[in-house]
Trainee: 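Got a structure here, written out as C-alpha cells. Questions coming.
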Amino acid sequence: AEIEFKMDAGNKLSKRETFGLAPNINMTMKLRIQSEEDCSFTYECDIKRDRFPAYEVFIINLEEEDEVYFLYGSNPIETNEDPWALYPPVEYHYQSKGKSYELPRRYLIPFR
C-alpha cells in the first residue's frame with residue numbers, strides 16, 4: 001500500500017484576530033507499506049513538515065488492536081521550537097525505512 005498525505009491547515013479563528021497573518025500548519029508524508037510472508041511488514045516513510053507543532057505517526061493493525069507501531073514523533077518542547085516555526089518554508093525533512101519488528105510498539109487505550 002502507498003499513502004500520500006498532505007496537510008495545509010489554517011486556523012479560521014486566528015484569521016479574524018490576526019488579519020490573515022497567522023501561518024498555516026504544513027506537512028506532507030509519503031508512506032509505503034509492504035506485507036511480508038512472516039506477517040511482518042517493511043515500510044518507507046518520507047515526511048516534510050514545519051518545526052511546530054508536535055507530530056506523531058503510528059501504524060495500527062486494525063485486525064489486531066495490540067499491534068500498534070510508533071513510526072515517527074516530534075515534540076517542539078524537546079527541540080525548543082515555538083509557534084514562529086510555523087512560518088515558511090517547511091524546514092524539516094525526515095526519511096526512514098525498515099521492518100516492523102524494528103519499530104517501537106505502543107498500546108491503544110480504548111475510549112468508551
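This structure is a prediction, so every number in the text was calculated from the model and none was measured. FYI, side chains are in, hydrogens and waters are out, and symmetry mates aren't considered; it's all heavy atoms of this structure.
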Trainee: Within this structure, what is the CD-CD distance for the pair Q34 and E44, rounded to the nearest 0.5 Å?
Mentor: 10.0 Å
Trainee: According to a 4.5 Å side-chain heavy-atom criterion applied to Ile, Leu, Val, Met, Phe, Trp and Tyr, with indirect links allowed, do V68 and F70 form part of one hydrophobic cluster?
Mentor: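 Yes: a chain of side-chain contacts under 4.5 Å links V68 to F70.
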Trainee: Would L71 and C45 count as a side chain to side chain contact (heavy atoms under 4.5 Å, CB included) if you check the C-alpha gap in whole Å, the side-chain angles of each, and the deciding distance to 0.1 Å?
Mentor: CA-CA 9 Å; L71 184 62; C45 181; 3.9 Å; yes
Trainee: Report the C-alpha distance between F41 and Y69 in whole Å, list the side-chain angles of each, state the deciding distance to 0.1 Å, and finish with yes or no for ring-ring contact (aromatic ring centres under 6.0 Å, His included).
Mentor: CA-CA 11 Å; F41 61 87; Y69 301 90; 5.2 Å; yes
Trainee: Are E36 and T42 close enough that some pair of their side-chain heavy atoms sits under 4.5 Å apart?
Mentor: yes
Trainee: Can I33 be reached from Y101 by stepping across I, L, V, M, F, W or Y side chains whose heavy atoms are under 4.5 Å apart?
Mentor: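 In one cluster: no.
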Trainee: If you measure from OH on Y94 to OG on S74, what distance do you get to the nearest 0.5 Å?
Mentor: 10.5 Å
Trainee: Flag the pair H93 / D46 as yes when at least one side-chain heavy-atom distance between them is below 4.5 Å, and no otherwise.
Mentor: yes
Trainee: Is there a side-chain contact between R49 and Y72 (heavy atoms, below 4.5 Å)?
Mentor: yes
Trainee: Is any side-chain heavy atom of I60 closer than 4.5 Å to a side-chain heavy atom of E67?
Mentor: no
Trainee: As an exercise, state the distance from CG of D50 to CG of N26, rounded to the nearest 0.5 Å.
Mentor: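 Answer rounded to 0.5 Å: 4.5 Å.
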Trainee: My understanding is that only one of E4, M7, K48 makes a side chain to side chain contact (heavy atoms under 4.5 Å, CB included) with T28; could you say which?
Mentor: K48
Trainee: Hey, does T79 have a side-chain heavy atom less than 4.5 Å from the side chain of R51?
Mentor: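 No, every pair of side-chain atoms sits at 4.5 Å or beyond.
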Trainee: Minimum heavy-atom separation for R106 and P104, please, with both atom names.
Mentor: NH1-CB, 3.4 Å
Trainee: Do the side chains of I47 and F5 join up, straight or via other hydrophobic residues, at under 4.5 Å, putting them in one cluster?
Mentor: yes
Trainee: Please check if atom CD1 in I77 has more than 12 non-hydrogen atoms from other residues, nucleotides or ligands closer than 6.0 Å.
Mentor: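 Atom CD1 in I77 is not crowded, with 12 or fewer foreign heavy atoms closer than 6.0 Å.
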Trainee: Please report the shortest heavy-atom distance between I25 and Y55, naming the atom on each side.
Mentor: CG2-OH, 3.4 Å
